[in-house]
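I have a structure here, written as structure tokens, and I will follow up with some questions on it.
Proteins get letters first, then strands, A, B, ... in listed order; numbering begins at 1 in each.
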Amino acid sequence: MSEPQIDLTLADITRLEEIVDRGALGEVCRSFFDLFSLPIRVFSHDGTLLADVHETREICRYVNTLPKGRAACSGLVSEVKGIDPQDGVVVHPCFTGAVYRIVPIDYQGRRLGRFVIGPYLPAEVREVPRSLLVIDERLEAEKARAALTEMPRVREETAERLSDHLTHILDLIIFSGHRAFLTSQMHVASVRESYKVLSDKNAELQTAFDRLKELDRLKSNFLATVSHELRTPLTSIIGYSDMLATGIAGDLNEEQAEFVETIRGKGDHLLALISSLLDLGKLEQGNLPLRRELIGPRDLLEEVAKTMTPAAEKKGVQMKVQVEGALPPIAADPVRIKQVLFNLCENAVKFSPRGGDVTLGVRSVELESDGDGDGMGFVLMAAPKTALEISVSDQGPGIPSGEQQKIFDAFYQVDGSSTREHGGTGLGLSIVKRLVEAHGGQVWVDSVVGEGTTFSFTIPEGDE
Amino acid sequence: MQLDFKARELTIKLVYYGPALSGKTTNLQAIHRLVSAEVAGRLMTLETQDDRTLFFDLLPLSLNAGKGLQVRVKLFTVPGQVIHNATRRLVLQGADGVAFIADSQRTETKSNAASFVNLRQNLTDQGIEPASMPLVIQFNKRDLPDIRTDDEIDALASRGKEPVFKAVALRGVGVLETLMGLMEITWNRLEDEHRLSEKFGLTPGPLLAEFERHLGVAEAIQRVSR
């Protein structure tokens with residue numbers, strides 16, 4: 001079956017069969033025939049027969065038994081088929097005295113086809129017409145007369161009303177079909193049009209996104225380059241103030257020593273800031289290589305606690321290590337894991353009150369795997385996976401719950417003034433987060449204002 | 001325009017454009033009601049099943065131009081709502097002339113202008129120079145209070161290029177005048193472009209008079225004004 005073609009520009013139908021279902025048309029014709037016993041045929045404009053409901057009449061059967069009669073009959077049938085009712089209804093006579101009524105099917109000013117009612121006998125015909133009697137020399141007048149009485153008789157006026165009625169029905173069918181078809185075509189066309197608009201918007205967004213990504217890359221490059229260039233002269237500043245402080249260039253009086261110490265202290269702070277920026281830059285670009293090796297968790301925590309002890313004691317804070325049971329070694333980059341722990345411990349000590357404790361803890365936990373995240377094959381995918389959970393707890397002022405997510409953003413501090421009071425770069429936690437994530441772990445914070453804060457992170461066991 | 005020489009059939013597409021609720025469909029309904037039944041076919045309203053968004057209305061007219069030429073005029077409306085621009089563009093495709101239906105109420109002045117800008121944009125996007133499109137403007141709803149006055153509109157119209165009509169589409173006033181005005185400038189444009197009088201031996205003046213007679217314009221206008 002060929003695809004129906006409708007020109008959306010003019011919303012025109014060119015062929016009747018594009019819009020009318022042949023089966024349904026056949027049913028309408030059948031019920032017309034059942035009601036009025038009138039044969040009916042529907043043709044498209046090019047003469048294709050679309051529906052045909054008729055019964056062979058006795059007279060037709062009889063005529064067709066005669067050789068000349070058969071020839072005349074088929075000649076007439078093809079003649080009727082070929083009539084195009086150019087200027088309206090055509091009533092075409094048959095030699096039997098019956099007629100065919102040929103009615104045009106027009107729609108929106110265009111000829112789409114025609115239907116033919118008949119043959120039927122006009123009610124006025126009383127006698128066997130001469131045209132029938134002479135059609136074949138073997139024709140028996142009595143037989144013909146008997147056969148003709150069985151032909152349906154219709155008054156011309158009635159035939160006209162019947163064909164008008166059928167014209168209206170067909171018009172309604174065509175109109176409904178046309179409208180339904182146009183609606184669906186418009187749906188498709190407007191979806192296509194909307195899709196085009198969306199695609200254009202997407203392309204614009206993609207361009208903007210690519211530009212932003214490029215800008216982000218440039219920013220990271222800039223940060224890395226500038227940090228590096230800043231660090232070189234800074235090393236000299238720190239080195240020379242160190243030398244001044246140790247008295248290599250001669251003794252310093254008390255005031256000079258204090259000034260030099262300030263220069264050195266601020267220099268160290270600046271260096272830490274720049275190093276953090278460099279780390280952050282590398283982490284953002286994802287090119288910080290991890291050198292994983294097996295580390296014993298207890299040794300790791302004890303080493304970190306020991307290193308932190310002098311700074312903690314200066315503040316009157318005690319470092320504690322709490323290890324639950326025997327723990328398997330973890331595969332992690334020792335330098336980076338220590339960086340994470342030092343960062344967390346420095347924060348903990350910084351915010352602890354005098355006489356407080358900072359506790360390092362570690363325990364083995366089972367991670368819940370959710371398969372691939374969509375719950376599919378969960379029973380198979382949810383294989384138990386272990387991880388080490390390491391925590392650093394303090395008894396400091398705590399972090400309000402509204403702030404707990406933001407503290408992992410770069411340069412964020414809960415209280416802007418705390419940088420001045422407590423020092424720090426505001427980069428520590430964002431570096432911690434990225435380092436832990438680089439190990440495939442997660443970091444989070446539990447805190448109660450006024451009681452203390454616990455930072456925890458997991459390092460999952462490596463995949464086999 | 002679509003010309004079928006063999007069938008001697010000419011089809012013209014006229015589009016009723018304008019902001020939402022300015023009376024485009026009402027114009028078509030009035031034409032359907034006013035012109036003779038042999039000329040106007042069924043008014044088709046194409047709406048989506050789910051949200052009753054209008055795709056378009058379509059009113060077909062068929063006119064016998066004489067000398068065996070059948071002229072089919074298809075009147076379309078576009079959906080006025082701003083968001084249905086995709087549909088508007090589809091309906092506007094292949095238009096031979098545009099009737100812009102404006103709402104006379106003062107409060108609608110801005111949406112009239114916005115819709116007109118949208119028309120120009122959509123024509124430009126389809127590669128059509130807006131100034132080359134046969135266009136008439138109708139100020140509808142002349143019976144409402146707080147409308148732009150006749151003097152105001154006349155003063156502006158005298159400075160503009162397009163024929164301007166005033167209408168009360170609900171009552172059928174000015175509707176056929178608008179249609180005939182659009183038919184006239186559209187036919188003249190097609191004549192210039194396709195030399196229809198040479199091809200069919202039909203000169204625009206008498207032909208338009210013939211259309212007017214077919215449509216029963218004079219009688220209808222008399223009926224409406226009574």
Quiz item: Between H92(A) and I102(A), does a side chain to side chain contact (heavy atoms under 4.5 Å, CB included) hold up when you go through it step by step?
Solution: CA-CA 8 Å; H92(A) 191 76; I102(A) 303 145; 4.0 Å; yes
Quiz item: Side chains of Q126(B) and N122(B): donor-acceptor distance under 3.5 Å anywhere?
Solution: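 Looking only at side-chain atoms, N122(B) and Q126(B) do not form any donor-acceptor pair under 3.5 Å.
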Quiz item: Between R192(A), M186(A), R111(A), which residue shows the highest count of heavy-atom pairs closer than 4.5 Å to chain B?
Solution: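 Looking at each option in turn, the highest pair count goes to M186(A).
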Practice problem: Can you tell which part of R110(A) gets under 4.5 Å to a heavy atom of chain B, answering side chain, backbone, both or neither? | Solution: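 Both backbone and side chain.
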Exercise. Tabulate, in ascending numerical order, the residues of residues 25-47 of chain A having at least one heavy atom closer than 4.5 Å to a heavy atom of chain B, or enter 'none'.
Key: none
Exercise. Just say parallel, tilted or perpendicular for the rings of F116(B) and F100(B), cut-offs at 30° and 60°.
Key: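 Geometry flag for F100(B) against F116(B): perpendicular rings.
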Quiz prompt | Residue pair S111(B), E108(B): steps toward the side-chain hydrogen bond (donor to acceptor under 3.5 Å, both in side chains) verdict | solution = CA-CA 5 Å; S111(B) 43; E108(B) 298 305 308; 3.0 Å; yes
Practice problem: Please state whether the rings of F5(B) and F200(B) are parallel, tilted or perpendicular, taking 30° and 60° as the class boundaries. | Solution: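 The arrangement is parallel - the two ring planes meet at less than 30°.
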Quiz item: Strictly by modelled atom types, are H214(B) and E38(B) linked by a side-chain donor-acceptor pair under 3.5 Å?
Solution: no
Practice problem: Identify which of I12(B), L58(B), T87(B), V39(B) forms the greatest number of heavy-atom pairs closer than 4.5 Å to chain A. | Solution: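 That would be L58(B).
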Quiz item: What residue in E9(B), K13(B), R72(B) has the most heavy-atom pairs under 4.5 Å with chain A?
Solution: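 Most heavy-atom pairs under 4.5 Å with chain A: R72(B).
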Quiz prompt | Worked check of side chain to side chain contact (heavy atoms under 4.5 Å, CB included) between F115(A) and R101(A) | solution = CA-CA 8 Å; F115(A) 63 86; R101(A) 192 178 179 86; over 6 Å; no
Quiz prompt | V90(A) side chain reached by Y100(A) side chain, heavy atoms, under 4.5 Å | solution =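 A side-chain contact is absent here, since even the closest heavy-atom pair is not under 4.5 Å.
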Practice problem: Please state whether the side chain, the backbone, both or neither of D171(A) comes within less than 4.5 Å of a heavy atom of chain B. | Solution: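 Contact with chain B is through both the backbone and side chain of D171(A).
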